[in-house]
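Below is one structure, written out as structure tokens; the observations come after it.
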Amino acid sequence: MRTRLPLLLTLLALLSGCGEEKSTGSGSGGGSPSKPATPSGGDVVQVKMKDILFVPDKITARVGQTVRWTNEDSVDHTVKAESGADFSSDPVPEGKTFETKLTEAGTIAYFCTIHPSQKGTITVER
């Protein structure tokens, strides 16, 4: 029994980290929705374009900050304001970015014109 105890403890330690599910964001991929990104001390708030989603799809930023979208998909995406602002990108290929500087407080709804179900919201605070 003594020779098996260290092996059993090692196996239990290895297995204790398995089975943990982590969500990478909200959307149709299941799991729990992510919390909105909030304004940090920096000048840029990051959003990924991944799995035909904006991740996170809801962010909060401050007037004067820049939102930068980075395409991590193998297909092109666009970023177009639907309401609350006026910006529109050309198609953004894999690995490239699009950014806009926030100039007014309010709520901005945006989407990808290539994948219209890919949507996001920016809450802009003073």
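Numbering starts at 1 and runs along the sequence shown. Everything numeric here is computed off the predicted structure, so don't read it as measured data.
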Side chains of [X] and [Y], heavy atoms from C-beta outward: is any pair under 4.5 Å?
X	Y	answer
Asn71	Thr97	no
Gln118	His77	yes
Val67	Glu99	no
Val63	Leu102	no
Val47	Val55	no

Legend entry - Backbone N/O of Thr78 and side chain of Ser89: donor-acceptor pair under 3.5 Å: no
Legend entry - Residue pairs, two or more places apart or on separate chains, that pass salt bridge (Lys or Arg N to Asp or Glu O under 4.0 Å) and touch residues 72-85: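 Applying salt bridge (Lys or Arg N to Asp or Glu O under 4.0 Å) to every pair that reaches into residues 72-85, excluding sequence neighbours, yields nothing.
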Legend entry - Pairs where residues 86-97 contributes a residue and the test salt bridge (Lys or Arg N to Asp or Glu O under 4.0 Å) is met, not counting sequence neighbours: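 Sorted pair list comes back empty.
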Inset, instruction - Anything under 30° is parallel, anything over 60° is perpendicular, the rest tilted; go ahead and classify Trp69 against Phe87. - result: tilted
Inset, instruction - For side chain to side chain contact (heavy atoms under 4.5 Å, CB included), just list the numbers for Gln65 and Asp43, CA-CA rounded to whole Å, side-chain angles, deciding distance to a tenth of an Å, and then say yes or no. - result: CA-CA 5 Å; Gln65 283 187 304; Asp43 293 332; 5.6 Å; no
Legend entry - Full working for ring pair (Phe, Tyr, Trp, His ring centres under 6.0 Å) between Phe54 and Tyr110: CA-CA 10 Å; Phe54 293 113; Tyr110 66 92; 4.8 Å; yes
Inset, instruction - For Gln46 and Thr70, run side chain to side chain contact (heavy atoms under 4.5 Å, CB included): C-alpha distance rounded to whole Å, both residues' side-chain angles, the deciding distance at 0.1 Å, then the answer. - result: CA-CA 8 Å; Gln46 302 282 343; Thr70 302; 4.0 Å; yes
Inset, instruction - Write down the atom of Gly64, the atom of Lys101, and the distance for their closest heavy-atom approach. - result: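 Heavy-atom minimum between the residues: O-CE, 3.2 Å.
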Inset, instruction - Determine the minimum heavy-atom distance between Val124 and Glu104, stating which atoms define it. - result: CG1-O, 3.2 Å
Inset, instruction - Run the numbers on Thr123 and Thr107 for side-chain hydrogen bond (donor to acceptor under 3.5 Å, both in side chains), then give the verdict. - result: CA-CA 5 Å; Thr123 302; Thr107 302; 4.6 Å; no
Inset, instruction - Begin with the C-alpha distance, continue with both residues' side-chain angles, and end with the deciding distance and a verdict on side chain to side chain contact (heavy atoms under 4.5 Å, CB included) for Val45 and Arg62. - result: CA-CA 9 Å; Val45 179; Arg62 294 184 321 271; over 6 Å; no
Inset, instruction - With rounding to the nearest 0.5 Å, note down the distance linking CG in Asp57 to OG1 in Thr121. - result: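 It is 7.0 Å, given to the nearest 0.5 Å.
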Legend entry - Ile114-Ile52 co-clustered via ILVMFWY side chain contacts under 4.5 Å: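 No; tracing contacts between hydrophobic side chains, which count when under 4.5 Å, never links both residues.
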